[in-house]
Number of protein chains: 2
Amino acid sequence: MEHGFTVKQVAKKLNLSEHTIRFYCDKGLIPAVQRDRNNNRIFTQESINWLTGVKYLRDSGMSLESIKKYVDLCLIGDETILERYSIIQEQRELAKIQLQEAKERLEYLEYKLSHYKDIIEHRIDDDMNPGKW
Amino acid sequence: MEHGFTVKQVAKKLNLSEHTIRFYCDKGLIPAVQRDRNNNRIFTQESINWLTGVKYLRDSGMSLESIKKYVDLCLIGDETILERYSIIQEQRELAKIQLQEAKERLEYLEYKLSHYKDIIEHRIDDDMNPGKW
DNA sequence: GTAAACCTTGAGAGTAGCTCTAAGTCAAGG
DNA sequence: CCTTGACTTAGAGCTACTCTCAAGGTTTAC
């Protein structure tokens with residue numbers, strides 16, 4: 001209670017499992033998490049923002065090890081800004097590629113689906129899709 | 001040798017590791033893979049197509065277990081077409097969500113980058129991004 | 001007041017999906 | 001003949017969860 005949110009509330013808010021959130025905290029990825037007098041983790045808006053950032057970075061493919069390094073750079077302060085900039089820049093390039101790949105995957109599934117639809121509706125033979133797949 | 005491609009060639013072509021390809025084969029995910037007289041895996045265009053499909057499904061978040069079930073349905077033939085259709089349909093819905101998430105991630109990183117740029121060019125202080133991240 | 005219901009905690013086991021290493025086979029090139 | 005190199009299998013190791021568990025605090029119900 002106190003001010004701030006419990007693990008459960010944050011899990012719901014950010015669509016992460018409670019396990020994962022505790023796991024990230026234990027790894028030192030979320031620096032701002034406090035404890036209440038019963039040793040329960042309490043999340044302020046600041047720690048929720050950290051967690052949100054970690055989630056974005058993780059989802060864009062960065063390893064927890066690299067995220068940890070990045071978080072530590074953030075905590076050092078101003079003099080690490082150029083280094084942080086280049087980390088995020090590189091990650092953005094990856095995110096661009098991932099976006100492109102996501103589009104391709106969707107296209108593939110759409111194609112596949114229309115192919116199945118043809119078979120189902122128009123009695124085209126199911127040939128196990130040789131040469132197409 | 002023979003006709004067809006080696007694991008190495010396919011790995012390069014599809015941007016998968018040789019380990020992963022062998023792993024998929026051993027799991028029964030790629031039914032059409034033959035062996036040459038030295039017991040080496042040889043990939044025809046058909047098996048490459050299978051592998052390509054498996055890769056798309058995997059990349060769109062399907063578990064290897066589910067992919068295996070799907071592949072087995074394909075091998076049974078025509079009478080499984082409706083079931084396969086609904087599997088792919090569901091996967092397409094996931095792919096749509098993933099595409100949206102990929103866009104959001106890219107936006108987040110772009111925002112972050114422009115924020116860093118402002119700090120570097122001395123427009124504003126590095127405040128560790130309270131409330132923003 | 002105390003029991004039941006419901007949180008939370010840390011420790012640690014289990015899992016998926018690779019990823020890598022070791023040890024060995026085979027075929028061609030110098 | 002010997003090295004190089006690509007292949008093989010078995011299995012260990014890794015990351016990032018994911019889950020189970022026992023212990024213990026808090027809340028509500030009577």
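Proteins get letters first, then strands, A, B, ... in listed order; numbering begins at 1 in each. Being a predicted model, the structure only gives us computed values, none of them experimental.
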key: dC7(D) phosphate, OP1 or OP2, under 4.0 Å from R41(B) side-chain N/O   = no

task = Check V54(A) against L29(A) and note the closest heavy-atom contact, atom names and distance.
result = CG2-O, 3.7 Å

key: Selected nucleotide, minimal atom distance to R58(A) side chain, candidates dC7(D), dA16(D), dT8(D)   = dA16(D)

ask   = dT15(D) C1' sits how many Å from K69(A) NZ, rounded?
value = 14 Å

ask   = What nucleic acid atoms does S17(A) come within less than 4.0 Å of, heavy atoms only: base, sugar-phosphate, or nothing?
value = nothing

note = Bounded by its outermost nucleotides with an atom under 4.0 Å from a heavy atom of chain A, the footprint on DNA chain C reads dC7(C) to dG10(C)

request  = Specify the separation, in whole Å, of atom CG of D26(B) and atom P of dG11(D).
outcome  = 13 Å

key: L73(A) backbone acceptor or donor facing T80(A) side chain under 3.5 Å   = yes

task = Round to a whole Å and report the spacing from CD1 of I21(A) to P of dT18(D).
result = 12 Å

inquiry  = Using only atom types and a distance under 3.5 Å, with no angle test, would you say the side chain of Q98(B) pairs donor to acceptor with the backbone of A102(A)?
reply    = no

request  = Figure out the CZ/P separation between F43(B) and dA6(D), and round it to whole Å.
outcome  = 16 Å

request  = Please indicate whether E90(B) has more than 12 foreign heavy atoms, meaning atoms of other residues, nucleotides or ligands, lying under 6.0 Å from its CD.
outcome  = no

message = Can you measure L29(A) atom CG to dT15(D) atom P for me and round it to whole angstrom units?
response = 14 Å

key: Position toward the 5' end of DNA chain C (nearest nucleotide), E65(B) or N38(B)   = E65(B)

message = Could you tell me how far apart D36(B) (CG) and dC7(D) (P) are, to the nearest whole angstrom?
response = 10 Å

ask   = Which sits closer to the 5' end of DNA chain D, V7(B) or S63(A), going by the nucleotide each is nearest to?
value = V7(B)

message = Taking atom CD as the centre, does E79(B) end up with more than 12 heavy-atom neighbours from other residues, nucleotides or ligands that are less than 6.0 angstrom away?
response = yes

inquiry  = Restricting to salt bridge (charged side-chain N to carboxylate O under 4.0 Å, His left out), what partner residues turn up for E83(B), sequence neighbours left out?
reply    = none

For atom CG of N40(A) and atom C1' of dA23(D), their distance in whole Å = 13 Å

inquiry  = Quick check: on DNA chain D, is the nucleotide nearest K8(B) upstream (toward 5') of the one nearest L64(A), or the reverse? Name the residue that is more 5'.
reply    = K8(B)

ask   = Could you state the CD1-P distance from I42(B) to dC7(D), rounded to the nearest angstrom?
value = 13 Å

ask   = Between Y108(B) and Y56(A), what is the ring plane arrangement, given parallel below 30°, perpendicular above 60°, and tilted in between?
value = parallel

